[in-house]
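Values in this document were obtained by computation on a predicted structure and should not be read as measured data. First the proteins, then the strands, lettered A, B, ... as listed; each starts at 1.
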Amino acid sequence: MPELPEVETTVLDLRKKVLNRTFLDVWTDFPKMIKLPNSFEQFKREIKGEKIEKIWRRGKNILFDFSGDKTLLIHQKLTGHLLLGYWILDNGYWRPKNPGLLGERINTYIHLLFTLDNGKMLVLSDLRKFAKVELLDKKTLEKELISLGPEPLEKGFTFERFKECLSEKKGRIKQVLMDQKVIAGIGNIYSDEILWQAKIHPFKETKQLRDEEIKKIYDTMREILPKAIGVGGESISDFRRISGEKGGFDSLRKVYRREGEKCSRCGTIIKRLKLDGRSAHFCPMCQV
DNA sequence: TGCAGTGTTGCTTC
DNA sequence: CGAAGCAACACTGC
């Protein structure tokens with residue numbers, strides 16, 4: 001379940017390793033994963049020989065720009081993993097040359113594999129097959145990304161702008177923070193973590209928030225997300241860096257999946273409640 | 001055993 | 001128009 005910090009970690013890793021590499025070939029056992037162009041054969045024809053000139057992120061989307069007018073978009077959704085290394089085709093599925101860090105949960109579910117011009121392979125493993133892959137021209141890409149809210153870490157994203165974003169949306173603060181149209185990149189883990197640190201109850205109506213509370217959420221968001229990027233993302237779920245390594249956010253994780261444990265701030269038992277079909281983890285004492 | 005839970009997005013329905 | 005519900009999928013845990 002990669003959110004902004006995990007996707008950013010992946011992008012930073014990819015930049016170091018595959019920038020200026022060229023795609024030589026592509027394999028899949030699940031063509032449905034590729035939404036555009038309409039056939040895998042066409043996707044293959046179009047991506048072969050393309051050189052990766054830029055790697056960037058928008059919300060939870062990973063983007064590879066090629067020369068000319070093409071961009072490869074990958075959204076990992078719940079269980080997608082982008083990994084770089086060497087694999088060998090064996091009996092219809094790919095085995096890692098060096099099994100090392102990866103468990104069966106990742107190794108067994110490789111559904112897309114790119115061969116690069118340095119011999120390395122970039123694979124997309126995805127247990128639940130929710131991931132989305134598209135090869136788009138700039139116009140279509142722009143149309144796809146237009147519905148996303150602003151990037152929370154961008155320099156120009158001021159407190160005033162954040163306040164405006166929240167004011168346009170009614171509902172509970174956790175829900176609103178996770179709404180990609182309001183602000184891009186925050187999911188279940190980081191909404192819980194941000195609200196715990198800001199001492200705001202996840203069920204609090206956005207309209208009821210005072211200015212200083214919104215400021216607290218804004219400051220916390222701009223602190224936690226970079227901190228999570230700095231340690232390479234979270235590790236409670238199956239997220240892995242492209243090397244297979246886990247992220248280091250675990251020791252910083254205060255509430256997410258900590259139901260029944262003591263709040264590190266006040267000692268109260270952390271609660272988990274359903275909110276819009278999702279789990280919200282919070283401290284019932286210090287989050288108001 | 002079977003069924004709810006997991007968590008993201010986008011489509012359908014009201 | 002908006003919100004809510006559900007499907008896409010597969011495995012875990014009760």
Separation of B/dT9 atom C1' from A/Arg128 atom CZ, nearest Å, is 12 Å

Using a 4.0 Å heavy-atom cut-off across all strands, classify A/Glu3 as base, sugar-phosphate, or nothing. sugar-phosphate

Between A/Lys143 (NZ) and B/dG10 (P), how many Å, whole number? 15 Å

Spacing of A/His81 atom NE2 relative to C/dC11 atom C1', expressed in whole Å: 14 Å

Looking only at side-chain atoms of A/Tyr109, point me to the closest of B/dT9, C/dA10, B/dT6. C/dA10

Which nucleotide in the list B/dT9, B/dG10, C/dA3 gets nearest to the side chain of A/Lys170? C/dA3

When you check the side-chain N and O atoms of A/Asp13 and A/Thr10, is any donor under 3.5 Å from an acceptor? no

Give me the distance, rounded to whole Å, that separates B/dG10 from C/dC11 when you measure between the P atoms they each carry. 24 Å

For the residue pair A/Asn188 / A/Lys174, report whether a side-chain donor-acceptor contact shorter than 3.5 Å exists. yes

For C/dC14, which nucleotide in any strand shown is its Watson-Crick or wobble partner with both distances under 3.5 Å? B/dG2

For A/Lys274 and C/dG5, what is the distance between atoms NZ and P respectively, to the nearest whole Å? 13 Å

Among A/Phe40, A/Trp94, A/Phe114, A/Phe43, find the one that has a ring-ring contact (aromatic ring centres under 6.0 Å, His included) with A/Trp27. A/Trp94

Can you check the A/Asp238 CG to C/dT12 C1' distance for me, whole Å? 12 Å

Under 4.0 Å between a side-chain N/O of A/Lys32 and OP1 or OP2 of C/dA8, yes or no? no

Nucleotide nearest A/Arg272 when distance is taken to its side chain, options C/dA10, B/dT6, B/dG10: B/dT6

Between A/Glu6 and A/Lys60, is there a salt bridge with N-O shorter than 4.0 Å? no

Quantified in whole Å, what is the P atom distance between nucleotide B/dG2 and nucleotide C/dC9? 22 Å

Which nucleotide sits closest to the side chain of A/Lys60: C/dA4, B/dT9, C/dC9? B/dT9

Of all the choices, C/dC11, C/dC9, B/dG10, which nucleotide is nearest to the side chain of A/Leu127 once you look at every atom? C/dC11

Out of B/dT6, C/dA8, B/dT9, which has the shortest distance to the side chain of A/Gln180? B/dT9

Which nucleotide wins on minimum distance to the side chain of A/Arg257, given the candidates B/dT6, B/dT9, C/dC9? B/dT6

Roughly how many Å apart are C/dA8 and B/dT1, using the C1' atom of each and rounding to a whole number? 25 Å

Side-chain N,O (A/Ser279) to OP1/OP2 (B/dT6) below 4.0 Å: yes

Regarding A/Gly187, tell me which of base, sugar-phosphate or nothing describes its non-hydrogen contacts under 4.0 Å with the strands shown. sugar-phosphate

Are A/Lys169 and C/dA3 close enough that a side-chain N or O sits under 4.0 Å from OP1 or OP2? yes

Using whole Å, report how far CZ of A/Phe130 lies from C1' of B/dG5. 13 Å

Please give, in whole Å, the distance from C/dA10 P to A/His111 NE2? 7 Å

Establish, with yes or no, whether the OP1 or OP2 oxygen of B/dG10 is under 4.0 angstrom from a side-chain nitrogen or oxygen of A/Lys132. yes

Given atom CG of A/Leu148 and atom P of B/dG10, what is their separation to the nearest angstrom? 8 Å

Can you confirm whether or not the ring centre of A/Tyr190 sits under 6.0 Å from the ring centre of A/Phe249? yes

Distance-only polar pair, side chains of A/Glu245 and A/Ser243, donor-acceptor under 3.5 Å: yes

